[in-house]
Amino acid sequence: MKKLLGVTLGILTAIGGFLDIGDIVTAAVTGARFRMSLAWAVALGVVGIVIYAEMAGRVATVSHRPVFDLVRERVGARLGLANLLASYLVTFLTLAAEVAGVALALQLASDVNYLLWIPLVGFLVWLVIWRVKFETMENVFGLIGLALIVMAVALWQLHPDWSSLWHSASHPEVTSGEGTPTYFYYAIALFGATMTPYEVFFFSSGAVEERWQRNDLMLNRANVYLGFPLGGLLTLTLMALTAVVFAPMNITVEHLSQAALPTSLALGKVGLALIIIGFFAATFSAALETGLSAGYTISQYFGWQWGKFVRPLGAARFHAVVLISLVGAVLLALTAIDPVKLTEYTVVLAAAALPLTYFPILVVANDPDFMGDKVNSRFSNAIASIYMVILVVVSLATIPLMIATKAGA
Amino acid sequence: MRLSELLDSDVTDRNGQRIGHVHDVQLVQDGPPLGTWGAAFRLEGLVVGPGSIGTRLGIARPEVKGPWILKLLFARRRSSRILIPWDRVRDIGDKHISADCVADECQGALERP
Amino acid sequence: MLTTEARRQSEVLLGVRSAATGRRLLILVLLVVSASCVQPVGPARTFDSYKHKAKDTAETALSSVETARLGARAAKRDDVFPSFLSVLLGEAEDEAMSAQSTFDSVQPPNKRSDRLRDRLDALLVRATDALSQARIAARRADLDEVARQARPLARSSRELNRFVEAQK
Amino acid sequence: MDPPARGRRLYAALHLLDRQILDADSMMAGKVDDLEFESAHDGAAPVVTDILSGVGALGPRLGGRLGRWLTGIHRRLRPEPEPGPARISFGVVKKLDNHVELSLHRSELENNQLEAWTRDNLIAHIPGASDAPE
């Protein structure tokens, strides 16, 4: 059982990292619009995050240094600061969107306007970060997040034409009536959502929080190889659900409620209850991850004591950053800025900043001063290098595509 | 004198020819004793060259084996780096250092870490 | 600390310049984002462009109506909670109404456009009315009444579908 | 890296600058934001005497508006009108590894002001601040 619980860091990271509010919506939107023809973008992202999260986890385990510590040391104080500002901005915007996302999930369950839920959600997120032990936090939310597996049952219950779904996924083409730039804009959105930087900030800091040692390297692998593909599969399942239910009726998905509807149609009230619980757990996990990551990045850049493994009094500046970020996020969410749109843009912006995060990880994972004999194998270097090229291309293409397609309109 | 004042400084040789700028500073632990630490780090020389990000990132060191693409992009200029022994440094100004030697003789026979 | 040349190289590589330039970049990015958030409805100068807007509006309304029909189907089978249905239908209604008001604010360029506008407006009024009825019933937790809206919604769906086809 | 040994060589920027500092209890205590060199007498080669740590050392290094802002924070935290950056004597360094480990507790360090200020003025007022998470 203990071994089983050991992989909850990966599950929590993956559930909260893949299926945050933006990704739930992006997957639902693209499924309805492009059926499965963008599944490759998710698969591409999953392989990338597996490679780099494994690396970041290994570096954190062997050298006890999380990602942003390395960023500062390797790219220097100035460029590191530019990176910090960009990463923090993206993390903060995501946090605001996730807080709104939790509120939206609560709205689905209560029919009480989500704006009224936002302050409570902000407080709960802070309370968990302030009071709950890291291990408890990840076990509870990682496991509740598994409620989302109900989507797979729902898909099976709907008796879809599997061969047609598979054909759409394996023979990607730009759906008729959609422009090629729009298609690639959504490809980047899915890819960016899968490789969101806060996942590695959180995962590598989590490895330090849990005091992983060299003999936990297997645990690192198990977490990465189980957690992230699971997140990817759930994303694809949601995409398939909306492809089966909405695409034939030409319904465009704009809201979280629509993302829950196919499961409700397939499995009734139980299914609906489970998927709302799943959405709640996923967005809440993402809020925890981004809230903590806001504190992690800034503290790790400046060398302040961070983490939940010490009493809050011992990590005062870290907790102050988390608290201030949460207050700011709640205020931003309360402006009634569309949380779905906010995350979509944030995900795409994050895609533009991806090389900044992943490049230092690749460099340090090759440095024997830190890694000893645990440096990258030639195989992982080969794949990681290919991804570095992809990341640079994506980051260069993002902003022009965003302008050209009016953000996927 | 602070490390940050040395780093990035332009370096010229005895004839006023520009050699490059300071990438790093080489230290050797053979100074007077300091507290419980032991022998202090003495400034042995300036690592000067036309510039390569590979040096700062640590990719250029031979013990770092990969990835191949980064070594190819950033590590090829390591050979052009010069180590100027501290006793050949004549003058330190604002982001400018002049050395009392020409490039070829500046290259001290100093050991590298 | 990077040497100047090294910094230039790393800037090219990482696509970011010093902190100050980074800030300028950030402002640019925010401007781009805010620009792409606002999707102003351009004026329609010709019948064709007006027709295009009419078709887009009908498609949006149709999407809302179809969503609501799925909701009504779920209500009939008692597969949903009223609270969820109320949110789903409320959002579908909002979507359709905002498409309607956006379309209504476009100046029709000629007489022929006026006729198109009148035709679509009639359809939109019926569609939003059915959506409102369904949402009101859901908010009263009257699932049977929501299920009864399936018929007017189906009619709206047929009408809007025909309209969209005719504009192709 | 090996334990301290006479004659050991390293690169200041690559091996020391921007590294994490840990105190005697392995608590994080800032970064090596700069190093201070001093010559024992005229003409002697300078030796590293202090680690400079904290925003007072980082600000001038970064330059620009942001750098000045950071230096400003530092100035507000210190009583003296023109405070220098916080110093940590190299003599209290215990070990150079992936981190720079000290033999002092961080409360004894000059660069702890911002942490102490945040703790006393904000975090300590929130209930549960001194409890370990459950």
Side-chain angles (χ1 to χ4, degrees), chain B residues 1-9 21-49 52-61 63-64 78 81 83-90 92 94-95 97 100 108 110-113, chain D residues 1-19 24 31-53 56-63 67 84-85 87-96 98 100-104:
Chain B
M1 181 177 67
R2 292 189 195 171
L3 177 63
S4 58
E5 293 164 21
L6 296 175
L7 293 175
D8 260 359
S9 292
H21 34 226
V22 180
H23 290 216
D24 211 328
V25 168
Q26 184 168 317
L27 306 175
V28 59
Q29 196 181 357
D30 64 357
L34 260 181
T36 52
W37 163 251
F41 279 108
R42 179 174 60 87
L43 202 169
E44 194 174 31
L46 305 175
V47 183
V48 178
S52 158
I53 191 181
T55 316
R56 179 62 180 93
L57 289 170
I59 303 170
R61 290 172 298 145
E63 65 267 31
V64 178
R78 182 181 161 87
R81 295 192 313 154
L83 192 61
I84 299 179
W86 181 253
D87 55 21
R88 309 308 293 264
V89 172
R90 197 176 56 197
I92 299 176
D94 182 25
K95 288 287 163 196
I97 293 174
D100 191 19
L110 293 176
E111 278 181 62
R112 284 180 172 161
Chain D
M1 276 182 257
D2 308 313
R6 240 192 125 72
R8 168 180 172 192
R9 284 188 166 78
L10 46 78
Y11 291 126
L14 182 65
H15 293 124
L16 284 174
L17 197 62
D18 294 320
R19 294 248 170 159
K31 293 268 178 177
V32 179
D33 289 310
D34 213 336
L35 293 174
E36 178 87 1
F37 289 94
E38 258 171 55
S39 305
H41 51 87
D42 255 7
V47 298
V48 180
T49 53
D50 296 278
I51 291 168
L52 307 181
S53 178
L58 185 63
R61 213 181 120 196
L62 291 172
R87 288 161 190 284
I88 300 168
S89 163
F90 212 90
V92 305
V93 174
K94 195 167 64 185
K95 193 174 160 209
L96 292 180
N98 288 337
V100 175
E101 297 178 36
L102 306 182
S103 55
L104 290 182

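The chains referred to below are lettered A, B, ... by the order of the sequence lines, with proteins before strands, and numbering in each begins at 1. Since we're looking at a predicted model, the values are computed, not measured.
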### Message
Nearest 0.5 Å, please: how far is CD in D/Glu38 from CE in B/Met1?
### Response
10.0 Å
## Note on the structure
In short, D/Leu14 meets B/Asp24 closest at the heavy-atom pair N-OD2, 3.1 Å
### Message
If I take atom OH from residue D/Tyr11 and atom CD from residue B/Glu44, how far apart are they, to the nearest 0.5 angstrom?
### Response
10.0 Å
### Minimum heavy-atom distance B/Ala40-D/Val47, with the two atoms named
CB-CB, 4.0 Å
### Query
Where does D/Val92 contact chain B at under 4.5 Å (heavy atoms): side chain, backbone, both or neither?
backbone
### Query
Are the side chains of D/Leu16 and B/Leu27 in touch, meaning some heavy atoms are under 4.5 Å apart?
yes
## Note on the structure
Of all heavy-atom pairs linking B/Trp86 and D/Ala44, the shortest is NE1-O, 4.5 Å
### Summary
For D/Asp50, the side-chain hydrogen bond (donor to acceptor under 3.5 Å, both in side chains) test, sequence neighbours excluded, returns none
### Query
Of all heavy-atom pairs between D/Val93 and B/Trp37, which one has the smallest distance, and what is that distance?
O-CE3, 3.4 Å
### Query
Taking all atoms of both residues into account, what is the closest heavy-atom pair of D/Leu17 and B/Leu3, and its distance?
CD1-CD2, 3.9 Å
### Message
Which atoms of D/Glu36 are under 4.5 Å from chain B, going by heavy atoms: the side chain, the backbone, both sets, or neither?
### Response
both
### Task
Considering non-hydrogen atoms only, spot the tightest contact between D/Ala13 and B/His23 and give its length.
CB-O, 4.3 Å
